[in-house]
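Heads up, the thing below is written out as structure tokens.
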Amino acid sequence: MESTKETGCQAPEGPILCVNNCGFFGSAATMNMCSKCHKDVILKQEQAKLAATSIENIVNGGSGSNGKEVVVADAMNVQAEAVELKVVPSQVACGTSTSPSSEVKVKEGPSRCSTCRKRVGLTGFSCRCGNLFCAAHRYSDKHECQFDYRTAARDAIAKANPVVKAEKLDKI
């Protein structure tokens, strides 16, 4: 007991659960959050600072001294409202999790050759016509390719080699 009086530290009364209800224990040093939640809050604060400075630079045209003062003021506000920041992302995460889950449910089957329907996996060859083919059907003459290679080549050559005409010379 005498050592706690000398150092000024008090022993915790008992384990404190994280204020984000993640199931881990927090500490007073990390605002009663576990290390992961505390790290996430600090990361969000840093991102908010960067966003505020970039917006301030865009609006003010790059004034350096005013941007630094705003960042310090924003950092104070973010630390004071840290509890509110934890509540808002959980609501946003719930709203965004419904839309990607519907997209994930539409699961594409294994990649197959468009001609023979053979499973190609990662070794498939995508053609300029937009289809995927196996090694036997990867060439345009082996499958009924609708892509016009001749026109594409003409356009590429015309773009790479523009026509240069010299001015006409006046007669002497």
Side-chain angles (χ1 to χ4, degrees), residues 1 3-111 120-132 147-149 151-164:
M1 286 290 180
S3 63
T4 59
K5 290 180 183 177
E6 293 174 3
T7 59
C9 296
Q10 296 178 356
E13 296 175 6
I16 302 169
L17 285 175
C18 179
V19 293
N20 284 341
N21 295 326
C22 64
F24 291 100
F25 294 104
S27 67
T30 58
M31 297 184 289
N32 292 333
M33 290 185 273
C34 66
S35 60
K36 184 181 182 309
C37 294
H38 182 39
K39 188 169 111 179
D40 291 342
V41 167
I42 297 297
L43 183 66
K44 288 176 187 175
Q45 288 174 357
E46 290 175 1
Q47 289 175 350
K49 288 179 196 175
L50 290 175
T53 55
S54 63
I55 290 172
E56 190 68 29
N57 287 339
I58 291 170
V59 171
N60 291 337
S63 62
S65 63
N66 291 338
K68 291 179 183 176
E69 294 171 3
V70 170
V71 169
V72 172
D74 285 343
M76 299 278 186
N77 292 338
V78 169
Q79 289 176 354
E81 299 172 0
V83 175
E84 293 176 1
L85 286 176
K86 290 180 275 185
V87 173
V88 173
S90 65
Q91 293 172 353
V92 172
C94 292
T96 57
S97 65
T98 56
S99 59
S101 64
S102 62
E103 293 175 6
V104 173
K105 289 179 183 175
V106 180
K107 191 171 184 180
E108 187 177 320
S111 53
V120 291
L122 297 174
T123 60
F125 296 93
S126 57
C127 183
R128 287 187 176 177
C129 63
N131 295 325
L132 188 68
F147 187 76
D148 190 8
Y149 286 95
T151 306
R154 284 182 188 161
D155 293 341
I157 290 171
K159 187 182 260 184
N161 301 317
V163 177
V164 178

Spatial distance of atom OG1 (T53) from atom CD1 (I55) [nearest 0.5 Å]: 8.5 Å
Ion pair K44/D40, N-O distance below 4.0 Å: no
Donor-acceptor contact below 3.5 Å, side chain T123 vs main chain V120: yes
Pair F25-L17, side chain to side chain contact (heavy atoms under 4.5 Å, CB included): steps then yes or no: CA-CA 4 Å; F25 294 104; L17 285 175; 3.6 Å; yes
From CG (D148) to CZ (R154), nearest 0.5 Å: 8.0 Å
For C18 against C34, the heavy-atom pair lying closest together: SG-N, 3.3 Å
Validation row: V41, Q45 side chains within 4.5 angstrom (heavy atoms): yes
Donor-acceptor under 3.5 Å (S111 side chain, G121 main chain): yes
Pair M31-V19, side chain to side chain contact (heavy atoms under 4.5 Å, CB included): steps then yes or no: CA-CA 8 Å; M31 297 184 289; V19 293; over 6 Å; no
Over 12 non-hydrogen atoms of neighbours within 6.0 angstrom of CZ in F24: no
Salt bridge (charged side-chain N to carboxylate O under 4.0 Å, His left out): pairs with one or both residues in residues 16-28, sequence neighbours excluded: none
Euclidean distance, M33 CE relative to I16 CD1, rounded to 0.5 Å: 12.5 Å
